[in-house]
Structures are given as structure tokens and as C-alpha cells.
Colleague: 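Have a look at the structure that comes next, please.
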Amino acid sequence: MSDAMHGSHLGEQPRRATSLAAARRRSAFVHKIRWALWAAAAALGVVILAVILMSGGTPAPEIEFRADDGAVRMENPRFTGRDAVGNAVIVTAQQALRRPEDSPDITELELPRLLIDPDNENPDTDPTNAAAARGNYDSRNKMLELIADVDLTTRSGYAFTTSRATVNLTTKDAEGDQPVEARGPMGTVQAKRWRFEEDGRVLHFEGDVKTVLEQDKERPARAEQTETQE
């Protein structure tokens with residue numbers, strides 16, 4: 001009886017040693033897995049940070065929602081292209097609506113923004129840009145219609161404030177048939193209709209044109225005003 005009990009006690013020692021070794025192996029495996037997960041998380045964090053830094057604060061990706069009536073609603077839409085000389089043209093908005101069945105080429109925009117040639121390296125000029133409360137983007141003809149609270153600034157340094165403007169995204173010409181006030185290096189112009197060509201280097205104003213010309217700042221401060229009736 002005593003020998004049997006002693007033999008059973010001795011037999012338990014190898015089993016316990018085996019169990020302890022297996023536990024240690026499992027612990028080492030879990031430790032390795034844990035470190036691998038931490039390394040993967042750190043790598044993912046680095047990738048996300050790099051994407052954020054490289055994006056330069058660009059808006060969130062475009063998200064589309066298709067309604068029951070077939071209309072496509074978009075959050076943060078972004079349209080990109082090139083003008084006639086290869087400069088980048090970017091149109092963004094807070095929201096957009098496209099009706100493929102009625103007007104497949106027209107996208108209705110809320111709070112549209114326009115930026116032409118954002119990579120311009122000339123420190124003395126800013127890229128042509130525009131903003132409005134609403135707008136319509138014609139993808140076929142590359143035209144952007146801006147509606148309400150329109151602010152449009154040309155590379156030539158003129159800032160237009162009006163209620164409606166149409167911009168040709170290929171030629172960078174623009175025009176409007178609503179009253180406008182344009183401020184620039186030469187002074188201020190008010191008119192009922194307007195258009196500019198060559199990215200604002202050629203200006204045309206029509207209808208009750210009022211101009212205030214500002215002379216060289218180094219000369220005595222004096223303004224000259226002219227008025228032209230339609």
C-alpha cells in the first residue's frame with residue numbers, strides 16, 4: 001500500500017513539470033502576440049499621422065447617399081481638373097446634389113469654393129479663388145455658376161462682390177449680369193454688368209459704371225471719380 005502510494009506521488013512530478021513548461025510556453029507565446037499587436041497599432045498610428053500630414057488639412061472624403069427618387073447627395077464633394085494651360089482647378093462644397101435622370105451633368109452645390117492654380121509659386125499674387133452660398137457645376141462644359149453672396153478674387157488682384165457669377169473653368173473667364181463692386185490695385189468700380197478675361201487681366205464693365213481711381217500712394221492722397229451712364 002505504501003509502495004503504491006509512493007509510486008503515484010513520483011508519477012505526478014513529471015506531469016507537473018510538463019504542465020509548468022507548457023504554461024511557460026503559452027505565456028511566452030501570449031507575450032509575443034501582445035508585442036506584435038502593439039507594434040501593429042504603432043505602425044497604423046504612424047500611417048494615419050502621415051496621411052493627415054500629407055493631406056494638408058483637406059476636407060473629409062466625399063460620401064454619397066442615393067435617395068429613393070434617384071438623386072445622389074454628396075457630403076464634402078471635390079471636383080478636380082485642369083484649365084487650358086494645365087493649371088489645377090479645384091471645386092469643393094459642403095454638400096452637393098446630382099439628379100442623374102433630369103440633369104446628369106449638373107451638380108447643385110451648397111457653399112461652393114473655387115481655387116485655380118493653388119500651386120502658384122509667385123509670392124506677389126494669390127490664386128484665383130471664389131466662394132458663394134450656392135452654385136451649379138456643369139461637368140460637361142466645365143462651367144461653374146455661383147449664386148448669392150459671391151466673392152471672387154482674380155490673380156490680377158481684383159476682388160469682385162456680386163450676387164451671381166459664371167466662371168469658365170477652362171479659359172478662366174467670368175461674367176455676371178447682376179450689380180457688382182470690384183476693388184483692385186487701380187481703385188474701385190461699380191457697374192450693373194461685368195466680365196473679365198484672361199484670369200482678370202482684361203476687365204469689362206457695363207451699365208451705370210462708377211469708377212474711383214486711386215493714385216500712387218507716394219503722391220498726395222487724392223481720388224478721382226468718374227461716372228458713365230448706360
Side-chain angles (χ1 to χ4, degrees), residues 78-93 105-107 109 111-230:
R78 181 183 178 90
F79 308 92
T80 60
R82 298 283 174 178
D83 62 16
V85 296
N87 294 323
V89 176
I90 302 173
V91 177
T92 62
D105 301 320
I106 304 298
T107 303
L109 307 174
L111 297 179
R113 299 291 184 270
L114 168 66
L115 189 61
I116 298 178
D117 192 16
D119 298 326
N120 171 48
E121 297 180 354
N122 187 344
D124 297 327
T125 62
D126 292 326
T128 296
N129 61 88
R134 304 188 310 278
N136 295 308
Y137 172 58
D138 184 343
S139 60
R140 176 185 293 273
N141 299 307
K142 300 296 184 288
M143 302 290 288
L144 177 64
E145 181 183 23
L146 301 171
I147 305 169
D149 301 328
V150 178
D151 291 314
L152 192 158
T153 303
T154 69
R155 187 180 298 282
S156 60
Y158 273 88
F160 291 74
T161 302
T162 184
S163 60
R164 203 176 194 96
T166 301
V167 183
N168 187 317
L169 301 179
T170 302
T171 64
K172 293 180 288 187
D173 298 341
E175 62 181 2
D177 57 4
Q178 298 298 313
V180 64
E181 180 177 274
R183 296 179 178 272
M186 298 296 293
T188 303
V189 181
Q190 294 179 337
K192 290 184 178 180
R193 297 179 299 279
W194 61 277
R195 74 178 187 277
F196 67 69
E197 302 169 359
E198 300 179 15
D199 201 11
R201 286 186 286 272
V202 180
L203 309 175
H204 303 270
F205 299 95
E206 301 176 2
D208 195 16
V209 179
K210 298 179 180 179
T211 306
V212 177
L213 300 178
E214 297 180 358
Q215 296 186 350
D216 194 329
K217 294 181 179 180
E218 295 181 357
R219 298 179 182 178
R222 190 164 62 91
E224 183 178 317
Q225 177 171 336
T226 63
E227 180 173 343
T228 303
Q229 296 295 335
E230 184 176 7

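The analysis underlying the following values was restricted to heavy atoms, covering all of them including side chains, and did not include hydrogens, waters or symmetry mates.
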Colleague: Verify, without hydrogens or angle tests, whether Thr162 (side chain) and Pro179 (backbone) share a donor-acceptor contact under 3.5 angstrom.
Modeller: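 Yes, the answer is positive, given that a donor and an acceptor are paired below the 3.5 Å cut-off.
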
Colleague: Could you tell me which residues satisfy side-chain contact (heavy atoms from CB on, under 4.5 Å) with Asn87, sequence neighbours excluded, listed by chain and number?
Modeller: Asp83, Val85, Asp117, Lys172

Colleague: Taking C-beta and beyond as the side chain, do Leu109 and Leu144 meet within less than 4.5 Å on heavy atoms?
Modeller: yes

Colleague: In Å, rounded to the nearest 0.5 Å, how long is the span from CG of Asn168 to NZ of Lys142?
Modeller: 10.5 Å

Colleague: Would you please name every residue forming a side-chain contact (heavy atoms from CB on, under 4.5 Å) with Arg82, sequence neighbours left out?
Modeller: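 Ala88.
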
Colleague: Search all heavy atoms of Ala148 against all heavy atoms of Arg134 and return the closest pair with its distance.
Modeller: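 Answer, listing the atom of Ala148 first, then Arg134: CB-NH1, 4.0 Å.
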
Colleague: Let me confirm one number: the OG1-CG distance from Thr128 to Leu152, rounded to the nearest 0.5 Å.
Modeller: 7.5 Å

Colleague: Go through the structure and list residues passing side-chain hydrogen bond (donor to acceptor under 3.5 Å, both in side chains) with Arg164, not counting sequence neighbours.
Modeller: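 Arg164: side-chain hydrogen bond (donor to acceptor under 3.5 Å, both in side chains) contacts with Glu145.
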
Colleague: Taking all heavy atoms of Ile116 and all of Pro127, pick out the closest pair and write down the distance.
Modeller: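 The answer is O-CB, 3.2 Å.
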
Colleague: When you compare the side chain of Glu206 with that of Arg195, does any pair of heavy atoms fall below 4.5 Å?
Modeller: yes

Colleague: Quick check: do Val150 and Val180 have side-chain heavy atoms less than 4.5 Å from each other?
Modeller: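 They are not in contact (no side-chain heavy atoms under 4.5 Å apart), so the answer is no.
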
Colleague: I want to know whether Tyr158 and Phe196 have ring centres closer than 6.0 Å.
Modeller: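 No, they do not, as the ring centres are separated by 6.0 Å or more.
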
Colleague: Side chains of Phe205 and Thr211: closer than 4.5 Å at any heavy-atom pair?
Modeller: no

Colleague: Rounded to the nearest 0.5 Å, what separates atom OG1 in Thr153 from atom CG in Asn129?
Modeller: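 Between atom OG1 of Thr153 and atom CG of Asn129 there are 4.5 Å.
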
Colleague: Apply side-chain contact (heavy atoms from CB on, under 4.5 Å) to Ala84 and list each qualifying residue two or more places apart in sequence or on a separate chain.
Modeller: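 side-chain contact (heavy atoms from CB on, under 4.5 Å) list for Ala84, sorted by chain: Thr170.
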
Colleague: Not counting sequence neighbours, list each pair that qualifies as a salt bridge (charged side-chain N to carboxylate O under 4.0 Å, His left out) and has a residue in residues 173-184.
Modeller: Glu181-Arg183

Colleague: Mind running side-chain contact (heavy atoms from CB on, under 4.5 Å) on Val189 and Leu203 for me, showing each step along the way?
Modeller: CA-CA 10 Å; Val189 181; Leu203 309 175; over 6 Å; no

Colleague: Are Leu146 and Pro112 side-chain neighbours, meaning at least one heavy-atom pair lies under 4.5 Å?
Modeller: yes

Colleague: Go through the structure and list residues passing side-chain contact (heavy atoms from CB on, under 4.5 Å) with Asp138, not counting sequence neighbours.
Modeller: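 If we apply the side-chain contact (heavy atoms from CB on, under 4.5 Å) test to Asp138, skipping adjacent residues, the hits are Asp105, Ile106, Arg140, Asn141, Met143.
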
Colleague: I'd like to know whether Thr154 forms a side-chain contact (heavy atoms from CB on, under 4.5 Å) with Phe160, so could you lay out the CA-CA distance, the side-chain angles of the two residues, the decisive distance to 0.1 Å, and finally the verdict.
Modeller: CA-CA 8 Å; Thr154 69; Phe160 291 74; 4.0 Å; yes

